[in-house]
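Keep in mind that the numbers below use all heavy atoms, side chains included, and drop hydrogens, waters and symmetry copies. Letters A, B, ... mirror the listed sequences (proteins, then strands); counts begin at 1.
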Amino acid sequence: MENILDKLNDVQRQAVECTDGPVMVIAGAGSGKTRVLTYRIAHLLSKGVDAFNVLALTFTNKAAKEMKERVICLLGSSEAMNVWMGTFHSIFARILRIEADKLGYPSNFTIYDTDDSKSVIKTILKEQNLDDKMYPVNFVLGRISAAKSNLISVADYNNNAEIQTQDRAAGKPQIGTLYSLYNQRCRKSSAMDFDDLLYNTNVLFRDFTDVLYKYQQKFKYILVDEYQDTNYAQYLIVKKLAANNENICVVGDDAQSIYAFRGANIENILNFKKDYADAKVFKLEQNYRSTKNIVNAANSIIINNKDQIFKEIWTENEEGPKIQLFKTSTDNEEGMSVASSIFENKMNFQLNNSDFAILYRTNAQSRAMEEALRKLNVPYRIFGGLSFYKRKEVKDLIAYFRLTINHNDEEALYRIINYPARGIGKTTLEKIMVVANENDTSIWNIISNLQQFNAALSFNSGTITKISDFVTMIRSYATYLNDKNAFELANHIAASSGILRDLREDKTPEGISRQENIEELLNSIKDLVDKENDSDNEEQNISLNRFMEDIALITDSDKDDKENNDKVSLMTIHAAKGLEFPYVFVVGMEENLFPSQLSLSSRTDLEEERRLFYVAITRAMKKLTLSYSESRYRWGNLTLCEISRFVDEINEKCIDFPQKQINTSSFNYTKKFEPKEKPFVVQQEPPLSIAKKKLTKVSSISNNSNSSADDSFNAVNIGEIAIGMDVEHQRFGKGKVLQLEGNDSNTKALISFNGVGEKQLLLKFAKLKIL
DNA sequence: AGTGATCAGATTTTT
DNA sequence: TCTGATCACT
């Protein structure tokens with residue numbers, strides 16, 4: 001362990017070794033934040049602290065998983081498996097399941113995801129006859145969520161004059177009622193939404209001091225990652241748990257707080273020293289990620305914010321190229337400029353696609369980028385699209401699991417009672433809902449006791465049979481919960497519910513892909529079962545129950561590892577947080593887009609946008625390129641755009657500012673960034689969904705990015721090359737031309753290189769020598 | 001139950 | 001402009 005600590009710089013090591021008492025680590029971008037956290041845990045364990053006494057909280061599953069793996073690697077033992085390491089939501093869901101009875105919940109409560117929550121609200125709005133224009137679902141859910149995040153109960157909400165005035169002023173006086181009904185509905189379904197997991201943990205710790213004491217004793221050492229993103233509910237949980245031992249270490253960067261819009265409270269990190277007077281503060285200011293130009297540019301941006309903890313990020317890395325700025329006249333041209341720049345860099349310097357990332361403020365901006373990349377046959381991957389667990393077919397099957405485990409889970413029931421179609425239609429269901437409301441009981445209670453309620457329902461015998469068949473089916477699944485393992489039962493449900501049959505009838509590519517998704521879900525369950533069986537866990541057969549415990553909390557960020565990963569990454573800046581790429585393009589640097597128009601009215605909102613820009617810049621390791629367009633389609637209207645104020649805030653020494661060099665014509669300077677001639681002919685385009693799949697097959701340039709120009713390899717004169725010729729490539733060596741495609745400047749050659757295999761190269765860029 | 005028309009809504013979203 | 005949700009209609 002001692003030699004492991006040698007791998008840390010001074011401040012990092014101090015932060016790791018200072019294990020007792022409150023510690024705050026302010027970790028600048030790229031300064032080794034995760035390193036400190038993992039080494040700190042490893043250090044604690046190697047000092048003899050029991051893994052069961054350590055709690056490490058993160059915001060994403062990915063971060064938790066990564067941390068766990070790295071600690072195990074450091075220690076060379078699986079001791080770290082016993083550390084409670086996970087997201088706020090998953091850790092406290094786990095505790096809530098253990099303590100559920102104290103709050104009047106069954107321990108197998110369902111966790112409602114956002115879609116479930118929205119659906120509950122829609123149902124309530126309908127029942128209350130409220131105009132959904134006056135009460136947009138997102139708005140209502142937003143209010144409820146904000147209330148819960150700030151630990152405002154239904155009673156508090158309705159008694160708080162300020163809140164009531166706000167809602168009335170907004171013409172939405174019924175929000176408090178909706179909040180109340182929503183909570184009732186969730187409880188009746190034995191369900192908690194995401195916010196409930198934190199809210200109810202607070203209730204638990206507030207009302208059951210013995211429980212709080214138990215966990216205070218257990219978690220002697222607490223670590224919190226991304227502390228700047230905690231909301232009040234999370235803050236208070238941590239504070240209460242740490243109250244006895246005060247061995248709390250929070251790590252974060254106020255400059256990277258970009259989730260205030262969702263309730264994250266930047267004050268939590270700014271006020272840490274007020275909460276813990278004897279807190280030690282360590283500032284990690286050395287950046288190991290980026291060039292001097294990038295670090296300095298980021299510094300020059302963030303200095304414009306008023307609310308911040310002072311720090312000075314520096315780096316020993318090379319100076320690197322200046323930041324580049326592209327200007328184009330339309331958003332589509334912006335896409336072309338970025339795509340061709342990626343293409344050129346990739347070809348000229350033999351880079352991987354995965355060395356590049358395109359970051360944008362809004363998802364809508366991805367379209368132009370995608371189109372351009374597709375034209376150039378550059379494989380790309382969009383992050384943050386529809387997550388695996390949000391796909392309809394996956395949710396359908398999971399809804400069967402949910403209803404099997406928790407018969408009161410109404411959202412699951414609505415989803416599947418007539419899927420696959422079994423003749424229980426809307427009218428039937430509406431009748432049941434009415435009767436359930438009248439009798440103040442659950443849907444499940446009605447359908448499992450049809451005889452008792454049929455006076456009010458007056459269903460005919462056909463309907464009764466259909467419904468009771470459904471009930472029998474779900475009950476039969478439930479009886480298997482104990483004697484079949486998760487995979488066996490999941491498989492059984494997929495087959496016998498008719499879901500698989502229904503999907504198999506659909507022979508379209510989309511239908512096939514849906515089947516594959518179901519298969520993938522089943523496989524992931526099998527993996528889990530197998531893994532548990534391999535480990536020395538006494539619980540030999542993991543039940544479906546166990547599998548479902550945190551399924552709602554899982555996102556698929558660590559999935560599709562098997563696929564070809566050499567792709568350009570496209571994502572929002574929010575999604576890019578925590579990631580790094582050698583070459584980064586931040587697009588849409590325009591006023592009203594970035595910073596967003598909606599942020600312009602308040603200083604705090606504008607500062608959050610600026611932090612977002614800071615996050616964007618600091619993702620880049622080697623080279624950063626910004627771009628903006630003079631016009632852009634927004635909601636169908638062509639709007640004229642001005643360059644973002646943020647570009648002007650960048651220290652001019654760090655950026656190539658073409659305007660300042662060429663004053664004569666404000667148009668000329670864009671030229672050099674645009675494709676030289678109309679190079680890339682649009683080929684017949686397959687529909688997008690199919691095209692995306694094909695992209696994975698596009699061959700890519702292999703690793704190794706350190707290439708220096710070698711003059712003996714020049715771009716070959718395109719007319720000279722012919723099928724069958726022997727050629728030599730700077731990197732791939734000797735090969736034979738198999739195929740030529742396209743014409744003039746965008747002729748592509750398929751070349752079989754000895755020992756390397758077949759590569760498609762664009763002659764314009766490939767440095768080839770004819771032998 | 002499925003289809004076509006129509007209409008609203010469209011920052012960011014770790015869970 | 002584009003997407004999806006909803007609704008009326010068959």
Nucleotides 7-13 of chain B: protein proximity per nucleotide (B base, S sugar-phosphate only, - neither; heavy atom, under 4.0 Å):
---BBBB
Could you write nucleotides 4-10 of chain C as a row of B, S and -, 5' to 3', where a protein heavy atom under 4.0 Å of any base atom gives B, of only sugar-phosphate atoms gives S, and otherwise -?
--S----
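The phosphate of B:dT15 (OP1 or OP2) has a side-chain N or O of A:Asn61 nearer than 4.0 angstrom.
A distance of about 16 Å separates the P atoms of C:dG4 and B:dT13, rounded to the whole Å. Taking atom P in both C:dA5 and B:dT12, the straight-line distance is 16 Å, to the nearest Å.
Atom CE in A:Met192 sits roughly 15 Å away from atom C1' in B:dT15 (whole-Å rounding). Rounded to an integer number of Å, the gap from A:Asn231 CG to B:dT15 P is 14 Å. One atom, CG of A:Asp113, and another, P of B:dT14, lie 12 Å apart when rounded to the nearest Å. Here the P atom of nucleotide C:dC2 and the CZ atom of A:Arg632 are 15 Å apart, to the nearest Å. Residue A:Asp115 contributes atom CG, which lies 13 Å from atom C1' of B:dT15 at whole-angstrom precision. Per the geometry, CG belonging to A:Asp331 stands 12 Å off P belonging to C:dT1, to the nearest Å. A:Met571 has its CE atom 13 Å from the P atom of B:dT14, to the nearest Å. When the C1' atom of B:dT15 is taken as reference, atom CG of A:Leu141 falls 13 Å away, rounded to whole Å.
Side-chain contact check for A:Glu334 and A:Ser627: at least one donor-acceptor pair (N or O, by modelled atom type) lies under 3.5 Å.
Looking only at distances, a side-chain donor or acceptor of A:His574 sits under 3.5 Å from a matching main-chain atom of A:Ile258.
When each of A:Ala421 and A:His89 is assigned the nucleotide of DNA chain B with its nearest heavy atom, A:Ala421 is the one assigned upstream, toward the 5' end.
A:Lys68 meets the salt bridge (charged side-chain N to carboxylate O under 4.0 Å, His left out) test with no other residue; sequence neighbours excluded. A:Pro420 is linked by a side-chain contact (heavy atoms from CB on, under 4.5 Å) to A:Tyr400, A:Arg422, A:Ile499, A:Asp502, counting only residues two or more places apart in sequence or in another chain. Applying the side-chain contact (heavy atoms from CB on, under 4.5 Å) criterion to A:Asp605, with sequence neighbours excluded, gives A:Ser599, A:Ser602.
Within the cation-pi definition used here (under 6.0 Å to the ring centroid, within 45° of the axis), A:Arg97 qualifies as a partner of A:Phe109. Relative to the six-membered ring of A:Phe139, A:Lys172 meets both conditions, a distance below 6.0 Å and an angle of at most 45° to the axis. In this structure, A:Lys392 satisfies the cation-pi test against A:Tyr419, with its NZ or CZ atom closer than 6.0 Å to the six-membered ring centre and inside 45 degrees of the ring normal.
For residues 633-647 of chain A, the set of pairs meeting the salt bridge (charged side-chain N to carboxylate O under 4.0 Å, His left out) definition, not counting sequence neighbours, comprises A:Glu591-A:Arg645.
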